[in-house]
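Numbers here simply count residues along the sequence, with the first being 1.
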Amino acid sequence: PGAVDLGGYFLSDSSENPAKWRFPAGILIPAGEYLVVYASGLSGINGGDVHAGFRLSSGGEEVVLSDPDGVPVDAVKYPALLTDQAYSRLDGEFTVAAPPTPGMANTRESADELQRSSAAGGARLNEIMASPSDADYDWLEIANASGEAVDLSGWGLSDDASEPRKWRFPENTVLEPGRFLGVFLSGLEGRSASGVLHAGFRLSQAGGYPLTLSRPDGTVADRVFVPEQFTGVSYQRMADGSFRYAGAATPNAENASAGYLGRCGRPAFSAGGGLYQDGETVAVEIAAEPGARVYYTLNCEDPDESSTPYAGPIVVTGTAVLRARAYMDDMLPSYAESQTYLFGVSHTLRVVSLVSDPDNLAGPNGIHANYEQDWEREGHVEIYAPGGDKVLSGGCGLKLHGADSRRLPQKNFKVIARGEYGANRFDAALFSDRPYGSYQSFILRSGAEEGPKTRMRDAVLTELASGTGVFYQETEMCAVYINGIYWGHYYMRERISAASICQFENWEGQEDRIDLVKGNASVLRGSDESYQRMLSWVGKNGVKDGAALEKVGEVIDLDNYIAYHALQIFVGNSDTLNIKRYRNQNADGRWRWAVYDFDWAFNNDTNSIGRWLNPGGMGAGRRTDNALFIALMKNAAFRDRFLTFIGGMMATDWTTEKILRTIEERYNELLPELPAQLRRWGQSEANFRSELGEFVDYAKARPKKLIGYFRETLSLSDADMERYFGDAIRLIQGGNAI
């Protein structure tokens, strides 16, 4: 309430030496005012400014304020900070999420005042989209608020104030008066053939940094502090010069007339969802930010302001899905919070609950009703361990997964974390045999075409890739509920994506540099140019000698290629067009393969090595290009490596004994869930047991038959057979595999 005389007080960057620098006499801070002290290494008053006799480290340290007796009255340890990034006290806590407001209160109003004065005219930053929901790249927009054209040639854009011209506009970039210019922040460089500008960096959705527009001499023409950004929501300059979140993006057009200060916090439930006993009563209270209005539903519909207003505890006595959303004036609505209360259910598997507005699933525009469409709908996912402990709860995107299996009533799902639903990662250890604690997405697979059969073929056989260096989808069994209704037995599987590939290969943080191709040449992301160029070269030149093999090995990882094809041949997969390969442009740039979908494997007896060497295509409809494998098998060194590998695996990790052990483990895990699954989908236990018996019989017979196919197809001599398959043959003859 009164002025404070700082004369004789101390400032220091060390708690061990709190009296490092003393304030000169006569330094007063009037009531409610602020004093800026420059940690410049100078000491005293310079041009009316106060300078402390020490400097601060950008790597983080502490700052201590002590009274004239040397007793500390306040202290803070700050982390490493970027250029022009502040560590500000907000509501008693320090954060990097607020813009610098030197000499002013740490408030939105102060930030707005500074922003309004940063670019009164000329070229200025006008709109930012750090996480679009409908495009691959971040983008920003520059406006020319002056009456004259601005030549932006050589100007710079940056998200790092220490490097204001991190990316530079190409020559002949002119912005006419009153016009707008968009730039994709894609990590690419320059101008595309269509004239679109691409900057060589991307934006962080977490915020906490300044975005700058700089002149050719490096001076800053405009600076916008970027707070946390929300997927699908742009950050726009309002008419008064301040920035606000806008409900809709306005690229190359006038910005919105009004915006939002932020997003309302998600409501919190006093009792979480989970597994409850019949007869229990759960009273759920909903808490939200002061001043927020909360609306909820109990019919799985998305809550909005037309839903039931929360006025007191909600009593739950039976299976129910409670969903709520919070609203505040001048704020974006909160993300929806959803919890599923399952009463009287019992499972030995983990339980997964999916929740989505019923129209998202079975409505006219629902993903079930339009199963051939690659549509995504908002949802919520909860995962509970067999004992009932919560593993995960969060917003997600829901899509159908698979091809022909989409027609089946028990459909497969992709569950995807995205910022527009709350967070872009699932922070949970979803797979016990993986060391990861965070995932971008996963799959819930019903067994697809194997669903009415063994319910385990794909999971058992793809696991044979473990230890080979080939990426395969790890597995956890679960029981799935959708909107509180039992949906049956599923396999939770890893999803083959840039994120999961980077986890598997220890490339995290390089997801933008991943090329991913499905089938022969269907590019899912990036480019397939290097592979197709190599394939064309092999088609013209073959792989006749060691030099040619080395040349191919510069483009593909030969060990990975061998392991992948050995596994495909061993299991006799006939649906081989289900193939994905990937590479990291930042690493060795070599292509690697991932296995998935072995529903058509270990099924029909087949001379798979013969089929892979038959020119004109492999697999169903002969649609899989096998030209590279044929060419490589004509190379003596490659052929030796391939036969050595598959023969060794058949004598060790791919023995019938080990496969039968895995089948038995899966069977014992599945058995308690099987009756409910069969009832739910009208499936036959007799058919299941018949199919499982055939699966087991195939596992017993396959090694001997496949070795015979190799001998016949490749005309292997007795010496060759001993060299490559001797251990496997002795294992079979000894009966240890039966």
Side-chain angles (χ1 to χ4, degrees), residues 36 38-39 56-60 78-90 94-131 138-143 145 152 154-169 181-187 197 199-230 233-238 240-246 255 259 261-262:
V36 174
Y38 291 94
L56 296 177
S57 169
S58 62
Y78 66 89
L81 297 174
L82 304 174
T83 300
D84 282 357
Q85 187 178 47
Y87 197 51
S88 307
R89 192 195 299 268
L90 291 179
F94 276 87
T95 179
V96 296
T101 53
M104 306 170 73
N106 298 338
T107 63
R108 182 70 197 219
E109 290 74 19
S110 298
D112 285 347
E113 183 177 338
L114 291 172
Q115 187 65 63
R116 281 191 288 267
S117 63
S118 69
R124 64 185 189 180
L125 297 164
N126 196 54
E127 185 172 5
I128 301 164
M129 177 64 84
S131 181
D138 308 335
W139 55 267
L140 61 77
E141 177 187 80
I142 297 167
L152 294 173
W155 284 49
L157 280 175
S158 180
D159 60 347
D160 181 354
S162 68
E163 190 181 357
R165 297 172 72 212
K166 189 173 184 177
W167 177 80
R168 301 176 187 182
F169 287 85
L181 176 66
V183 180
F184 279 120
L185 306 175
S186 61
L197 293 175
F201 63 93
R202 304 195 69 163
L203 296 180
S204 167
Q205 193 173 351
Y209 56 89
L211 187 63
T212 57
L213 172 67
S214 302
R215 303 179 183 90
D217 63 1
T219 57
V220 175
D222 193 15
R223 182 196 321 266
V224 176
F225 179 83
V226 181
E228 178 186 5
Q229 297 296 292
F230 308 112
V233 177
S234 80
Y235 196 54
Q236 301 184 6
R237 188 186 293 271
M238 300 289 104
D240 65 357
S242 64
F243 267 77
R244 293 288 187 270
Y245 300 101
N255 288 346
L261 297 173

Worksheet item: Do Trp139 and Ser186 touch side chain to side chain, with heavy atoms closer than 4.5 Å?
Response: no

Worksheet entry | Partner set under salt bridge (charged side-chain N to carboxylate O under 4.0 Å, His left out) for Arg244, not counting sequence neighbours | Asp112

Worksheet item: Between Met104 and Leu114, is any pair of side-chain heavy atoms under 4.5 Å apart?
Response: yes

Worksheet entry | Considering all heavy atoms, the nearest Tyr209-Leu82 contact | CB-CD1, 4.3 Å

Discussion item. If we count only N and O atoms by modelled type, under 3.5 Å, do the side chains of Asp160 and Ser162 hold a donor and an acceptor together?
Written reply: yes

Worksheet item: Within a strict 4.5 Å, meaning less than it, do heavy atoms of the Phe184 and Leu140 side chains meet?
Response: no

Discussion item. Do Asn126 and Phe243 have side chains that approach each other closer than 4.5 Å (heavy atoms only, starting at C-beta)?
Written reply: no

Item to complete: Using only heavy-atom distances, determine whether the side chains of Gln229 and Ser131 contain a donor-acceptor pair under 3.5 Å.
Response: no

Worksheet item: Heavy-atom distance under 4.5 Å between the side chains of Leu213 and Trp155, does that happen here?
Response: yes

Discussion item. Measuring only between side-chain heavy atoms, which start at C-beta, is Thr101 closer than 4.5 Å to Thr107?
Written reply: no

Fill in: Proximity of Phe94 and Tyr78 rings by center, below 6.0 Å
no

Discussion item. Between Arg237 and Asp222, is the salt bridge (Lys or Arg N to Asp or Glu O under 4.0 Å) condition met? List the steps.
Written reply: CA-CA 12 Å; Arg237 188 186 293 271; Asp222 193 15; 2.6 Å; yes

